[in-house]
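Take a look at the structure below.
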Amino acid sequence: MSTDAPVHVTRTRSGKPATFLEAIAEALWEEMERDERVFLMGEDIGAYGGAFKVTRGFIERFGASRVIDTPISEGGFTGAAAGAAHMGLRPVVEMQFMDFISPAYDVLTNYVATSLYRGAGPLPLVVRGPVGGGNRGGPFHSQNVEMAFFHTPGLKIVYPSTPADAKGLLKSAIRDDDPVIFEEHKGLYRAPHCRELLPQQDHVVPIGRARTALEGEDLTIVTYGLMVHRSLEAAAELARDRIRVEVIDLRTLLPLDEETIVASVRKTGKLLIVHEDTRTGGIAGEIAMRVNERAFEWLDGPILRVTAIDSPVPFSGELEDFFLPSVADVVTAGRYLSRY
Amino acid sequence: MSTDAPVHVTRTRSGKPATFLEAIAEALWEEMERDERVFLMGEDIGAYGGAFKVTRGFIERFGASRVIDTPISEGGFTGAAAGAAHMGLRPVVEMQFMDFISPAYDVLTNYVATSLYRGAGPLPLVVRGPVGGGNRGGPFHSQNVEMAFFHTPGLKIVYPSTPADAKGLLKSAIRDDDPVIFEEHKGLYRAPHCRELLPQQDHVVPIGRARTALEGEDLTIVTYGLMVHRSLEAAAELARDRIRVEVIDLRTLLPLDEETIVASVRKTGKLLIVHEDTRTGGIAGEIAMRVNERAFEWLDGPILRVTAIDSPVPFSGELEDFFLPSVADVVTAGRYLSRY
Amino acid sequence: MSRDEIEDLLYQGYQGRRLEEGVRRSGFLQWPEHAVGIDTRSIVISRTMKHAVDGRGDLCCPGPMSPGPALAFGATPLEFLRQLAHRGTSPAAARAGGLSWTDLRRGLIGWDGPPGMMTQVLAGAALAFAQRGENRAALVFESEKALDTGGWHEGLNFAAARRVPIIVVLVASGSAGVGRVRQIEEVARAYGIKAVTIDQDSHAGIFATLRGARRRAALGGGPTLVALEGATDDRWQSHEEFASWALTEGHVTEGELESIRRAAAAGVDHAFARIVKEPGPEPHDALAAVRIGSPPLRPWTRLKSPRPDGVAEAPMEGPSVN
Amino acid sequence: MSRDEIEDLLYQGYQGRRLEEGVRRSGFLQWPEHAVGIDTRSIVISRTMKHAVDGRGDLCCPGPMSPGPALAFGATPLEFLRQLAHRGTSPAAARAGGLSWTDLRRGLIGWDGPPGMMTQVLAGAALAFAQRGENRAALVFESEKALDTGGWHEGLNFAAARRVPIIVVLVASGSAGVGRVRQIEEVARAYGIKAVTIDQDSHAGIFATLRGARRRAALGGGPTLVALEGATDDRWQSHEEFASWALTEGHVTEGELESIRRAAAAGVDHAFARIVKEPGPEPHDALAAVRIGSPPLRPWTRLKSPRPDGVAEAPMEGPSVN
Ligand SMILES: Cc1ncc(C[n+]2csc(CCOP(=O)(O)OP(=O)(O)O)c2C)c(N)n1
Ligand SMILES: Cc1ncc(C[n+]2csc(CCOP(=O)(O)OP(=O)(O)O)c2C)c(N)n1
Ligand SMILES: [Mg+2]
Ligand SMILES: [Mg+2]
């Protein structure tokens, strides 16, 4: 690593705990140093360092041809990234807010996702950016975007919940030959309680494998992203009622780690799915189908879910807090299910 | 009705059975005659009459200001339709193939679906067009688009399976104050077996209510669109094994008629969901969640699904037939579930 | 410009200025980041349109220029502050944010999302005007960066192809940006429509130019593309300039000017005093009406047992909604 | 143009012609509806690029002009017919259709979907060339209607902003269409790039113009926008014209011309004879590799009981996959 690296990519090297955001920055920096084919594209990611300053200092180190400021045209520059990927580069596209992936929906689902299928070869491309609510960003700066893409064969979707996973999974995503949508929850970016020491060596976490964040016997909670932390809080509260909760952090949403989910449900017999995203058409449905297909006989109660309500993300704090799933909601549902 | 109406919108008036496509054309024609605020937009829908000739003869009757040929810019003209709707018109937008709704994903999910929410009032707008496989159209002319929008609060999604429902639901959609995505399966458009006599009077079918296409006691099949017909075929075959299948035709996917589904599952105890759309992230998931939430105790077997496989729609006939769910698949699953 | 129009302009300019000062001082309110603030020229431009309160006037999307155009179209300082403070009384019941909202009776259409989109939407509104043969036109302010978006091009292409009555104002952007087309006149030529660049023009000149563009639009002459330069750098100066022009030209006296200023300020101050006391939104009311087809929020809170044997469950704790 | 280049052009022109005649006669094959057929000028344009078989030459998307440009970039008649007939041996194993497919070794990138998108993709490919300092350029054919799409504008804007080595050919459309910008030179001016219109130009003239555009692009001079007029009306004539020009100018003799024609026809005929015997795709092989993260296809076909008590089920009938 060059000695003039910005401080937010040197935490691990200097043995300090890193925030989620720093972990992302470290992954990008290390991958760019490791592989000259890796380059970045996005709005104001160069001199400005990006809306969340993830890429501060990158243009000084890697130059303007590998840290590319783009016009406001998410569809166009995602298409361009695809072309560069065809030619052997490994683009990492930043959406300033992941909400702005919508104009790229066409090119991502019809072009990028179908490349391998159409015989145009693998298309290594990462689209990453901040997602999620709780920041009073309103309907256009708070969305979770997984369900816009979850139904598209050919894409992978990653949504980490810890700095170590964020770093290790982003490295995997960049090295993966398939296109990967990579969601980073804004509420985790700088959260102090999330800081952690990251492994010193090249830290890679495989895509497609869930993590058991907490082991338990009575009830399985399947969740991801910020909701992993909410669910662990709820589990601690439920533990006081002697309800032993197992918390599965999906980490990768597509492909879904069916094995881990099924194994846990076969053990506990109860399944609660917690997602921050809105309810109808959320990922809970697919999980419910998979569990029906492979663990129905083990179920001792209905599969339930705690989610945001079916609404755009509200602007005002009062409304947003009402809209988002809370720890109390998870506790209530957990108690209900455990008594079932 | 004017006397010079094209023949494909006069079947009902002259007491003849109408095809699915004719039913659509009749609904459009009658609504345009009934309400001068209704107008059409789409690619080559004017003099050319549209790719499937649904609007043949319309421009002669209603003029170029109510039958508007648009540039190839699905996002732009859907946005324009929204503006016209704000000003009191009732636009019906044709996607030449529904696959081309992708460029309008941004405006539909972020602008149109949120209008009421943002305090900008109701937005009466219908986006309709042909969907579905089996026509060797390949990946860009065969898609089912429901799951791109099912997760968006603020939209309605209608997907009829018979000419009478197509006519009655399209009329409802045009009169509805909410934006409606209206899917028409190409495989039904001119299918002779689908022809039926339509009610003479103003025929309106309410949005949001499923239809019991076949009553049975042993197993519920929930399905929609072309798959209603495949499921009825399968039910006939299962009846020979004395398996009495109930077939629910959803008709409206959003809002989902939870009551009808739940009531049927409480009666039969077995649920098979059949959809032509690809598997992972398909609508089966949401149905499974709702049934878990409200009818878990009545389930005598796992909720299962028969769907297309997770792939873009293949071009070649051999591959497409393999890709699509078949009657045999439904029979196999039905038999398995009934013996469970 | 008539005397009334000049007075309105002065009044709305002072209103806007007081609003922005008050927000800055308030300590608890903030302009949305992307707002370029008040450029009095945006009020002048907006004043050239036809205003009404019954939904039959022109239509305006203030975009990044709000609050100027919104004030010109009759939005009140109270509404602004309710919107900014996310009060339950705000135009969108605190669900949506930003400095503009929709009030079709007064011809206001709000937007807080991606650039480019409102050119599409207003093109469609203008289509409706043309279709019904109404003497109405649409006005949309967009950041110059909208030019980078394909959506904007699709909207403008649609407007140009159908020659609908619309005026699209592209506001020059202060920030760096990249790949931006600055040749707005050449863009207009490519689409076969009129273009105007406004830079150091006098307010009276701007007024005359835009009035002309509106008239032409409403008569079927098609869209006009307006490049508004220097909007971020001299956004205050322009109002002072206008006021002193009105003075010099003898349209108002010093005394009249001062009393207009005071009246505007008083209205704004009153609004500030008021919103502090107003309640936030009530979630059930604010969100209930806008969900389509959503099932009850928390199904495990149902009070009746789902079991066929009818064993009753204890009522669940926690909020039960719906 | 060198003698070799002229011969190649004649050969590929005859190939394309024979292909189209054969498809029409075949009774079981069809050109995709949107294909405009062979315009020899598309072969001429494509021949001005750098061809290779190791993935280090220029890159071309034939778009609606295929098979011309594809033949120029080394696609074989056999591949075309396999693709058209959905043979298992076809380039995309019969999964995707259309008249072009991707073969990056030969610099071919296929597309059968919406217009406009490939301008974005090729702009990104050209970005890669520039970034690595390679002497390579990208060539994309689009229907003129791509101009209506926002995606095309975003792609061109990106290409223009970064001055990447790309040539974008807009093929005039025979059909009516609406709202189309015909002023391609003005569009180019708005984006600050070069434009060329090709209409009744001689093949030699086209060759010289495009060679120049390619050279400029590869040297960092940025994109060129090419308007190709009259592509649908005189699509056959142009090849005959070229052949007779080659004759008149003495580049070939009558005998040579005839033997080129015969050689091309023989190759194509051989391909027709061959594909009839080739098998269709095998679903498991064709589709297995391209699904990401899909679970087994038919879970109820599993042979082991899902019951905890381990009661075995009879194996299910029906195909069991995965
Ligand atoms: C589709 C989309 N992409 C990106 C953004 C984020 N965004 C909002 S405004 C803006 C730039 C605005 O710049 P400018 O027009 O110069 O206004 P300024 O903030 O400088 O006043 C960006 C990148 C967005 N809102 N929507
Ligand atoms: C996004 C999208 N919208 C619509 C279409 C359907 N479509 C394909 S080609 C075409 C028009 C092509 O016209 P032209 O370029 O003139 O070619 P022609 O068919 O006349 O040869 C249309 C409407 C599409 N493929 N993609
Ligand atoms: Mg700026
Ligand atoms: Mg044409």
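Protein chains get the first letters and strands the later ones, always in sequence-line order, with residue 1 at the start of each. Any value given below was found using the heavy atoms of this structure, including those in side chains, with hydrogens, waters and symmetry copies removed. Only a predicted model underlies this, so the values are computations on that prediction, with no experimental measurement involved.
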Item to complete: Check side chain to side chain contact (heavy atoms under 4.5 Å, CB included) between B:Asn110 and all other residues, then give those that pass, not counting sequence neighbours.
Response: A:Ser102, A:Phe140, A:Gln143, B:Asp106
Practice prompt. Kindly write out the residues that satisfy ring-ring contact (aromatic ring centres under 6.0 Å, His included) with A:Phe182, not counting sequence neighbours, or none if the list is empty.
Written response: none
Discussion item. Please give me the minimum heavy-atom distance between B:Pro312 and A:Thr114, naming the atom from each residue.
Written reply: CG-CG2, 3.9 Å
Worksheet item: Are A:Met147 and B:Met147 close enough, and set up right, to give a side chain to side chain contact (heavy atoms under 4.5 Å, CB included), and what steps lead you there?
Response: CA-CA 9 Å; A:Met147 297 318 288; B:Met147 297 318 288; over 6 Å; no
Worksheet item: Contact part of A:Phe149 toward chain B, heavy-atom cut-off under 4.5 Å: side chain, backbone, both or neither?
Response: neither
Discussion item. Check whether B:Glu286 reaches the backbone of A:Gly281 with its side chain - one donor and one acceptor, N or O, closer than 3.5 Å.
Written reply: yes
Worksheet item: Of all of B:Ile283, B:Asp277, B:Val107, which one pairs up most often with chain A through heavy atoms under 4.5 Å apart?
Response: B:Asp277
Worksheet item: Got a sec, which pairs hit salt bridge (charged side-chain N to carboxylate O under 4.0 Å, His left out) with one end in residues 108-117 of chain A, sequence neighbours left out?
Response: none
Fill in: Between A:Gly301, A:Ala284, A:Gly282, the one whose heavy-atom pairs under 4.5 Å with chain B are most numerous
A:Gly301
Worksheet item: Looking only at atom types and distance, does a side-chain atom of A:His151 sit under 3.5 Å from a main-chain N or O of B:Ala148, one as donor and one as acceptor?
Response: no
Worksheet item: side chain to side chain contact (heavy atoms under 4.5 Å, CB included) with A:Ile303: which of B:Asn292, B:Val291, B:Ile303?
Response: B:Asn292
Discussion item. How close do B:Tyr117 and A:Pro314 get, counting heavy atoms only, and between which atoms?
Written reply: OH-CA, 2.8 Å
Discussion item. Does any backbone or side-chain atom of B:Thr109 lie under 4.5 Å from a heavy atom of chain A? Answer side chain, backbone, both or neither.
Written reply: side chain
Discussion item. Is the ring pair A:Tyr105/B:Tyr105 parallel, tilted or perpendicular, if the boundaries are 30 and 60 degrees?
Written reply: parallel
Worksheet entry | Minimum-distance pair of heavy atoms, taken over all atoms of A:Asp300 and B:Phe296 | C-CE2, 4.3 Å
Discussion item. Heavy-atom cut-off 4.5 Å, strictly under: side chain, backbone, both or neither for B:Leu299 against chain A?
Written reply: both
Worksheet entry | Those residues of residues 130-138 of chain B, ordered by number, that approach chain A below 4.5 Å (heavy atom to heavy atom) | none
Worksheet entry | Nearest atoms (heavy-atom pairs only) where A:Met289 meets B:Ala288 | SD-CB, 3.6 Å
Worksheet item: Can you say whether B:Phe100 sits under 4.5 Å from chain A via the side chain, the backbone, both, or neither, judging by heavy atoms?
Response: neither
Worksheet item: With a 4.5 Å heavy-atom cut-off, do A:Tyr340 and B:Glu297 have their side chains touching?
Response: yes
